[in-house]
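Scope of the values below: all heavy atoms of this structure, side chains included, with no hydrogens, waters or symmetry mates. Position 1 is the first residue of the sequence; numbering continues from there. These figures come from a predicted structure and were not determined experimentally. Order of listing sets the numbers, starting from 1, for every ligand and every atom in it.
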Amino acid sequence: MRFLILLLPSLLAAQNYDVVLRGGRVMDPESGLDAVRSVGIRGNKIAAISTSPLRGRVEIDAASLVVAPGFIDLHQHSQTPEAYRYKAMDGVTTALELEAGVSPVSAWYTAREGKALINFGASSGHIPARMAVMHDSGTLLPRDAAMNRVATAEEQKAIEAAVAKGLDEGGLGMGMGITYTPTAGPDEILSLFYLAARFKRPVFVHIRAGDVVTSMQEVVTDAAAAGVPLHIVHINSAATAKTPQALRIFDGVRARGLDVTTEAYPYTASMTEIASAAYNGWESRPAEDFARLLWPPTGERLTRESFLRYRRQGGFVAQFGNTEEMIRMVLAHPNVMVASDGIIENGIGHPRAVGTYARVLGKYVREDKALSLMDAIRKSSLLPAQRLEAISSRMRQKGRLKVGADADICVFDPARVIDKATFQNAAQYSEGFRYVLVEGAFVVREGKLQEGVAPGQGIRAQ
Ligand SMILES: [Zn+2]
């Protein structure tokens, strides 16, 4: 009897994990751990990482699978239940809309609270604030007033007030797409950097159209003058053939101590709204330029005639403008994060919304050997978490696989993981992610999405 009483607590303790991921290749980019371990999860936290067997209510055999921190996507426009399903099947446990941002911020979070498959968050967006104040008719991006007209002094004040309100409400930084608001001149942009500085928040920016060197100079100078952290979105499509020059500036300003980060997505084509400022002046382009454009709903390549028709109609267009060589170069750079710039609606969009992370792991790590598996994991989890941890304490517990960290975890087969989404048919889930957990709850199990679960939490500045 006495023996049993002594034994009972240890038996209970041995079984008190909710979930055990047994014997996987555990990879943690922060500590460098890359070894076979069992992971014990209790509630929404990682409670044990052990060489000896652990017991849990649910035990998953993770042998021959990689167990990594769930991926954190800093650049995900589509923030819908549909989009979150694609993200989860691509290993993403947190998807944030930081480039365009949102406005108003509070209502955006409230609409997703308790309903989201994965963690979500947004910056306070200059673009949506400018569109609202200037009465632009666009949806994600400006297509008339906020694109074509210079803001009056009163309008600029109203725009800044809306952005400030969003920062006050917990926006994760300030979102800017200068290329889409070409009538916002250098003064208006610099003034917004000073505003972000008042709140000590980073600025996430799609740099101005035109020469990448000049455009980087503008935002780097503004960030240095205002003293704010700067994140330049998708250096791949911003720089294309001038990627070496752009990376040299990036390395240089970091070496001089400026807090500047950047990201890339693993595709040679970009995508944006055909009615946006990105296509201003295209009417007079030579005929061959239109053949670089692809219209996702039909898969057709464009002509001048169809371009003009679709520009009046509106919608997202893909543009083939980069090379594999440049994509490999940005992905191999140790400090360039992976982020998707995901856009997908009713199954139509850019494959990057669906397959970015599987493509990095399958094509660029396994097949092309452009970067190591640990580097790919680091760029997809730890680096994005570190970008945000000074303004959101929750991010200190994400992007890592360690005891005490949030149980946001992806488990994938490194020999099989691959993207399936294409430009003709983006609505095809990635393959190879066997299990994905958000806050300790399965959202993908045995390769299948879980129905009726909503463990995703809002990530705010706090
Ligand atoms: Zn974007």
(message) Determine whether a donor-acceptor pair (N or O, by modelled atom type, separation under 3.5 Å) exists between the side chain of T243 and the backbone of T240.
(response) yes
(request) Would you please classify the geometry between the F120 ring and the W108 ring as parallel, tilted or perpendicular, with 30° and 60° separating the classes? (result) perpendicular
(request) Would you name the N/O/S atom of D341 that lies closest to the Zn ion (ligand 1)? (result) OD1
(message) Regarding H75 and E97, do their side chains bring together a donor and an acceptor under 3.5 Å, going by distance alone?
(response) no
(message) Check this for me: does any side-chain nitrogen of one of R359 and E367 sit under 4.0 Å from a carboxylate oxygen of the other?
(response) no
(request) Measure from the Zn ion (ligand 1) to each N, O or S atom of H75 and report whether any distance is below 2.8 Å. (result) yes
(message) Test of geometry: compute the angle NE2(H77)-the Zn ion (ligand 1)-OE1(E99) and round it to 10°.
(response) 80°
